[in-house]
Number of protein chains: 2
Amino acid sequence: MIGHSAKIPLPSLKRLPGYVHFLRSLKCEGVATVSTTAIGRALRLDPTQVRKDLACTGAEGRPRVGYRVDDLIVVLEEFLGWRNVSEAFLVGAGHLGSALLGYEGLRNHGLDVIAAFDSHPAKVGQDVHGVKVLDIERLPGLARRMGVHIGVLTVPVDAAQEVAERMVEGGILSIWNFAPVSLQLPEKIFVQNGELYAQLAVLLRRTEEAVSRKTPSTPEVA
Amino acid sequence: MIGHSAKIPLPSLKRLPGYVHFLRSLKCEGVATVSTTAIGRALRLDPTQVRKDLACTGAEGRPRVGYRVDDLIVVLEEFLGWRNVSEAFLVGAGHLGSALLGYEGLRNHGLDVIAAFDSHPAKVGQDVHGVKVLDIERLPGLARRMGVHIGVLTVPVDAAQEVAERMVEGGILSIWNFAPVSLQLPEKIFVQNGELYAQLAVLLRRTEEAVSRKTPSTPEVA
DNA sequence: AGAAAAAAGAGAAAAAAATCTCTATTTCCA
DNA sequence: TGGAAATAGAGATTTTTTTCTCTTTTTTCT
């Protein structure tokens with residue numbers, strides 16, 4: 001169950017994990033309270049924006065003091081659904097897939113990958129970072145029987161659409177898709193794309209801008 | 001050099017890679033022209049929005065016909081800087097780092113990781129997917145000497161800040177940061193966060209919404 | 001050839017998000 | 001005890017992004 005079922009703007013929701021990370025580090029340092037001014041400085045965000053984001057989660061602060069770090073962490077983790085993790089299946093035990101399986105982080109962030117699947121016979125039966133790799137054929141049945149609603153998709157592009165359909169067949173409701181394709185699935189299925197390439201695009205552009213600032217070579221010939 | 005140095009909205013820029021992926025698949029099927037209506041249908045976007053995005057890149061279409069697939073791919077790849085890849089260094093040859101190194105995709109998306117670095121003696125000297133792993137100490141010098149401006153950061157949280165500073169020391173201008181911390185660096189350095197957890201947050205929330213739609217159990221007791 | 005359909009492109013409108021302004025509260029300090 | 005400073009929180013404004021509307025162009029069909 002996810003807390004405070006109210007409507008939150010998508011950009012706000014995306015910023016929340018960053019707040020939790022920062023707050024956890026504060027807690028480690030023994031800091032008791034924090035202001036949105038301080039959070040904003042650390043995360044390079046406008047304090048008002050931070051305040052608005054926090055307000056969406058139901059958190060409350062006190063003037064002149066700020067928010068209690070401990071309480072705020074709890075409220076945010078509750079809101080994000082990190083306090084009772086959701087079970088997920090992962091398909092594609094390749095490089096990226098294994099990396100995600102080995103990523104302890106996920107479990108602290110609300111996601112528990114309880115089984116992996118692959119079509120490659122050599123991989124089936126293996127144990128990747130403590131998670132059993134099963135034959136992809138078994139996915140629909142197991143997903144339905146175990147009530148798993150989340151699928152992580154780390155297969156090559158060519159296989160992505162087909163695997164996604166198997167997931168849907170098994171009652172999966174949301175897919176975290178790391179393949180660079182737009183999956184064609186029923187309207188009701190939520191697909192979160194990995195956006196690796198979107199991020200890379202932004203990175204390259206910004207870099208290019210920075211480089212050409214340093215080297216103003218092209219003098220804009222008219 | 002990146003094409004059409006004009007200003008493009010960030011959301012538009014992020015959508016461009018998706019267009020290229022779709023266009024490439026069309027090209028494989030031998031499709032010669034495509035309309036924004038068709039692109040929108042495939043990627044679940046408003047056709048007008050697709051048109052606006054494409055306009056930013058300088059692409060031109062023809063009424064009643066659409067855009068020439070071949071030309072559009074070239075224009076977009078040019079705009080994204082995918083035609084002459086940028087060199088990058090990666091630090092942290094752990095699970096995620098190796099996964100990225102093994103990811104052929106990056107080179108087709110404008111990024112060429114030419115060397116990896118790690119502080120762990122056991123990893124230094126190894127060869128991960130064809131990329132040599134060097135001692136982190138050598139990064140600043142090599143970056144400066146080779147004119148590398150992009151750094152990919154896949155180290156554990158605790159090391160992230162320190163490694164990022166070494167990168168900056170070596171003249172790195174942009175960092176792709178996969179550690180869940182907000183790096184404190186000079187203003188001019190661009191940091192693109194991996195946003196894994198931001199995506200996960202959205203995924204979990206949407207899933208929760210979908211599940212509670214199916215099971216309207218909590219009748220909102222007043 | 002002329003009418004109809006499909007789509008680009010430009011501009012306007014609407015929606016969403018970020019930022020700014022102001023007020024009220026709380027704490028610290030003199 | 002009173003004033004000053006810092007900050008939450010609410011509301012207004014601005015900016016950005018998305019969506020809608022209309023016009024023009026091109027192609028196809030009769």
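Per chain, numbering begins at 1; letters A, B, ... match sequence-line order.
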- From the options C:dA17, C:dT26, C:dG11, select the nucleotide whose nearest atom is closest to the side chain of B:K52. C:dG11
- Find which nucleotide of DNA chain C each of B:E60 and A:R15 is nearest to by heavy atoms, and output the residue with the more 5' nucleotide. B:E60
- Atom-to-atom span, CD1 of B:I8 to P of D:dT18 - whole angstrom: 11 Å
- A:D46 side chain, from C-beta outward: closest of D:dT18, C:dT19, D:dT19: C:dT19
- With a non-hydrogen cut-off below 4.0 angstrom, is A:T37 in contact with a base, only sugar-phosphate, or nothing? sugar-phosphate
- Query: Across all strands shown, which nucleotide pairs with D:dT1 by Watson-Crick or G-U wobble geometry, both distances under 3.5 Å?
  - Reply: C:dA30
- Query: How long is the line joining CZ of B:R44 and P of D:dT19, in whole Å?
  - Reply: 14 Å
- From the list C:dA17, C:dT26, D:dT25, which nucleotide is the closest neighbour of the side chain of B:P63? D:dT25
- Task: Pick base, sugar-phosphate or nothing for B:T36, based on heavy-atom distances below 4.0 Å to the nucleic acid.
- Result: sugar-phosphate
- Does one side chain, of A:R206 or B:S174, offer a donor that lies under 3.5 Å from an acceptor on the other? no
- Message: Nearest whole Å is fine: how far is D:dT18 C1' from B:D53 CG?
- Response: 10 Å
- Message: Checking contacts here: which listed nucleotide (D:dA8, D:dT19, C:dT26) is nearest the side-chain heavy atoms of A:Y67?
- Response: D:dA8
- Whole angstrom value for the distance that separates P of C:dA17 from CG of B:L10: 14 Å
- Looking only at D:dT17, D:dT19, C:dA17, the nucleotide nearest the A:P11 side chain is C:dA17
- Message: Using a heavy-atom cut-off of 4.0 Å across all strands, would you classify A:R51 as base, sugar-phosphate, or nothing?
- Response: base
- Message: Between the side chains of A:R166 and A:E169, is the shortest nitrogen-to-carboxylate-oxygen separation below 4.0 Å, so that they form an ion pair?
- Response: yes
- Distance below 4.0 Å between B:R64 side-chain N/O and D:dC29 OP1 or OP2: no
- Message: Nearest whole Å is fine: how far is D:dT14 C1' from A:Q49 CD?
- Response: 14 Å
- Query: Does D:dC29 have a Watson-Crick or wobble partner in any strand here, with both distances under 3.5 angstrom, and which is it?
  - Reply: C:dG2
- Item | Value in whole Å for how far the P atom of C:dA17 lies from CG of A:L13 | 11 Å
- Query: At under 4.0 Å between heavy atoms, what does A:S35 touch on the DNA or RNA strands: base, sugar-phosphate, or nothing?
  - Reply: sugar-phosphate
- Going by the angle between their ring planes, with limits at 30° and 60°, are B:Y103 and A:Y197 parallel, tilted or perpendicular? parallel
- Message: If we count only N and O atoms by modelled type, under 3.5 Å, do the side chains of A:T33 and A:R68 hold a donor and an acceptor together?
- Response: no
- Any Lys/Arg nitrogen of A:E29 or A:R24 sitting under 4.0 Å from an Asp/Glu carboxylate oxygen of the other? no
- Can you tell me how far C1' of C:dA18 sits from NZ of A:K14, to the nearest Å? 16 Å
- Message: On a heavy-atom basis, which atom in B:S86 and which in A:L204 lie closest, and how many Å separate them?
- Response: OG-CD2, 3.8 Å
- What integer distance in Å separates A:R62:CZ from D:dG9:P? 11 Å
- For C:dA8, take OP1 and OP2 only and decide whether either is under 4.0 Å from a side-chain N or O of B:R68. no
